[in-house]
Undergrad: 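Before we start, here is the structure in question, set down as structure tokens.
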Amino acid sequence: MVRVAPLLLAGVVAAAASLLLLVAPLAAELTRVEHPPKSEGSLAILAVGDWGRRGQFNQTLVAQQMGVVGEKLDIDFVISTGDNIYDDGIANTSDPLFKECFTNIYTAQSLQTPWYIVLGNHDYTGNALAQQDPAIREVDSRYLNLAKSFIVNSEIADFFLVDTSPFYLKYWNSSKYDWRNVSPRDTYIENLLKDLDDALVQSEAPWKIVVGHHPISSGCEHGNTTELQELLRPILEARGVDMYVNGHDHCLQHISSRNSPVQFMTSGGGSKAWAGKFKTTSDKIEFIYDGQGFMSMQLSNTEAHLVFYDVAGNVLHTYDSTKSEEEEEDDD
């Protein structure tokens with residue numbers, strides 16, 4: 001299998017082309033991307049969301065610190081938790097906003113590696129399909145929004161990137177959202193949940209991590225997403241998901257489920273933040289920071305180490321989790 005990261009800028013185009021050759025549908029229909037870990041059996045990633053503002057609202061400063069941490073950890077890839085281009089996504093694949101919000105900002109050598117992308121609600125108010133169009137990867141080959149929902153398999157972990165905007169019922173009352181390839185909503189959500197459930201059952205990875213734009217449990221401005229609490233959360237709890245990573249709330253937070261092992265991680269501090277508004281949640285808030293920053297994740301077969309950083313690169317919170325070899329065998 002071909003290792004696709006870390007990559008130098010000169011090799012990104014060729015590596016992304018090779019990676020796309022590994023894309024194949026699962027039996028349960030979700031697209032899978034094979035992204036093997038490092039040869040020593042470790043994986044390092046960054047996660048950031050709600051960032052695309054032409055460098056404004058400290059986006060550039062967050063990007064600089066991502067570059068520093070990315071080099072230190074020798075990251076394999078970046079996950080974007082959505083709201084990639086403000087305020088209304090991109091109009092088409094040649095929209096200059098794309099370079100102004102992404103290519104021209106994340107210039108550090110360590111960030112010249114695949115970015116696996118989910119869409120946020122602000123991406124849906126533009127041309128949502130343009131962000132999936134292969135032509136966008138001719139502009140910047142790092143940008144891998146390969147499908148609305150897909151899986152990144154790294155052997156150590158399976159990352160299930162889930163399209164959460166269609167779940168949010170109030171969006172459907174607005175004509176400005178691009179629901180092509182989504183409508184009818186009920187059918188789309190039913191199929192997505194079934195495909196995700198099937199894929200989670202099939203997964204043999206030690207770590208199962210689901211990524212979506214909207215929070216399930218949150219103490220920040222937007223709070224819990226009712227539709228995800230009702231429809232998505234039961235699947236995560238039933239199928240042994242370790243973490244749910246999201247954006248949407250422009251903050252950083254770590255919340256522990258009170259009735260399951262699932263950990264809820266918000267990394268939505270890529271640019272505009274500091275709303276000063278908080279909500280209550282029935283889960284346990286381990287850490288909450290109403291400001292800008294990002295998250296790193298280091299994984300091995302038996303250990304997970306997560307770190308939240310602020311806009312200056314200061315460590316705000318860490319989380320560690322371990323799995324025994326027996327647990328892995330039980331999962332198999």
Side-chain angles (χ1 to χ4, degrees), residues 2 4-23 31 33-35 45-57 59-64 66-67 70 75-150 152 159 161 163 165 177-178 180-182 211 213 247 270-272 294:
V2 179
V4 296
L7 300 171
L8 296 177
L9 178 59
V12 170
V13 174
S18 297
L19 180 145
L20 293 178
L21 293 177
L22 297 174
V23 173
T31 297
V33 180
E34 301 290 344
H35 192 133
I45 71 166
L46 301 181
V48 65
D50 305 84
W51 41 265
R53 296 183 184 272
R54 297 179 174 178
Q56 299 174 349
F57 296 97
Q59 182 193 0
T60 299
L61 296 181
V62 174
Q64 289 172 352
M66 287 175 62
I75 60 168
D76 295 274
F77 55 87
V78 179
I79 284 179
S80 172
T81 60
D83 279 358
N84 310 304
I85 312 291
Y86 284 96
D87 283 321
D88 297 300
I90 54 175
N92 50 56
T93 56
S94 59
D95 192 328
L97 263 178
F98 178 71
K99 284 188 174 181
E100 293 168 1
C101 291
F102 180 61
T103 305
N104 297 348
I105 304 299
Y106 301 100
T107 56
Q109 187 177 67
S110 66
L111 303 181
Q112 309 308 308
T113 192
W115 286 53
Y116 296 112
I117 308 286
V118 295
L119 298 180
N121 49 291
H122 282 274
D123 301 306
Y124 261 109
T125 59
N127 183 345
L129 296 185
Q131 294 196 39
Q132 290 177 244
D133 194 318
I136 202 71
R137 295 190 287 276
E138 295 179 9
V139 181
D140 194 317
S141 60
R142 295 176 291 171
Y143 198 85
L144 300 173
N145 177 225
L146 300 174
K148 284 192 165 65
S149 297
F150 61 101
V152 179
F159 295 84
L161 281 72
D163 182 28
S165 291
Y177 290 86
D178 180 9
R180 289 175 296 164
N181 294 355
V182 175
V211 180
H213 177 61
S271 59
K272 188 177 182 180
F294 59 99

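This structure is a prediction, so every number in the text was calculated from the model and none was measured.
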Undergrad: Side chains of Ile45 and Val78: does their closest heavy-atom pair fall under 4.5 Å?
TA: no

Undergrad: For the atom pair CG (Asn92) and CG (Leu129), what is the distance rounded to the nearest 0.5 Å?
TA: 12.5 Å

Undergrad: Mind checking whether Ile75 and Thr113 have side chains closer than 4.5 Å, heavy atoms only?
TA: yes

Undergrad: Could you pull out the closest heavy-atom pair between Gly120 and Ser165, with the gap in Å?
TA: C-OG, 3.5 Å

Undergrad: Lys148 versus Tyr124: any side-chain heavy-atom pair under 4.5 Å?
TA: yes

Undergrad: Could you go step by step and tell me if Gln131 and Leu119 meet the side-chain contact (heavy atoms from CB on, under 4.5 Å) rule?
TA: CA-CA 8 Å; Gln131 294 196 39; Leu119 298 180; 3.5 Å; yes

Undergrad: Could you check whether any side-chain heavy atom of Val62 comes within less than 4.5 Å of a side-chain heavy atom of Phe57, counting everything from C-beta outward?
TA: no

Undergrad: Working to the nearest 0.5 Å, report the span between CG of Asn84 and CG of Leu97.
TA: 12.5 Å

Undergrad: Parallel under 30°, tilted from 30 to 60°, perpendicular over 60°: which one fits the rings of Phe77 and His35?
TA: tilted

Undergrad: Is any side-chain heavy atom of Val152 closer than 4.5 Å to one of Phe150?
TA: yes

Undergrad: Quick check for you: to the nearest 0.5 Å, what is the distance between Glu138 atom CD and Thr93 atom OG1?
TA: 8.0 Å

Undergrad: Using atom types as modelled and distance alone, determine if a side-chain donor or acceptor of Asp178 lies under 3.5 Å from a backbone N or O of Ala128.
TA: yes

Undergrad: Angle between ring planes, Phe98 versus Tyr143, binned at 30° and 60°: parallel, tilted or perpendicular?
TA: perpendicular

Undergrad: Could you pull out the closest heavy-atom pair between Arg142 and Leu111, with the gap in Å?
TA: NH1-O, 3.1 Å

Undergrad: Using 0.5 Å steps for rounding, measure from the CD1 atom of Ile79 to the CG atom of Leu144.
TA: 11.5 Å

Undergrad: Just one of Asp123, Asn121, Thr81 clears the side-chain hydrogen bond (donor to acceptor under 3.5 Å, both in side chains) bar with His213, so which one?
TA: Asn121

Undergrad: Parallel, tilted or perpendicular: which fits the ring planes of His122 and Tyr86, with parallel below 30° and perpendicular above 60°?
TA: tilted

Undergrad: Aromatic contact between Phe294 and Trp51, with the criterion being ring centroids under 6.0 Å apart: yes or no?
TA: no

Undergrad: State, to 0.1 Å, how close Thr103 and Asp140 come at their nearest heavy-atom pair, and which atoms those are.
TA: OG1-OD2, 2.8 Å

Undergrad: Work out which heavy atom in Arg137 is nearest to a heavy atom in Leu146; give both atom names and the distance.
TA: NH1-CD2, 3.6 Å

Undergrad: What pair of heavy atoms forms the shortest contact from Ile90 to Ala130, and how long is it?
TA: CD1-CB, 3.9 Å

Undergrad: Mark yes or no for whether Ser110, through its side chain, and Gly67, through its backbone, hold a donor-acceptor pair below 3.5 Å.
TA: yes

Undergrad: For the CG atom of Asn145 and the CD1 atom of Ile117, what is their distance to the nearest 0.5 Å?
TA: 6.5 Å

Undergrad: With no hydrogens and no angle check, is any side-chain donor or acceptor of Gln112 less than 3.5 Å from a backbone partner on Tyr106?
TA: yes

Undergrad: Would you indicate whether the side-chain heavy atoms of Arg180 and Asn127 approach each other to under 4.5 Å?
TA: yes

Undergrad: Can you spot which of Gln59, Gln56, Arg53 makes a side-chain hydrogen bond (donor to acceptor under 3.5 Å, both in side chains) with Ser271?
TA: Arg53

Undergrad: Do the non-hydrogen side-chain atoms of Val139 and Lys99 ever get within less than 4.5 Å of each other?
TA: yes

Undergrad: Which atom names give the shortest non-hydrogen contact between Val211 and Val118, and what distance separates them?
TA: O-CG1, 4.2 Å

Undergrad: Tell me if a side-chain donor or acceptor on Ser80 pairs with a main-chain N or O of Gly49 at a distance below 3.5 Å.
TA: no

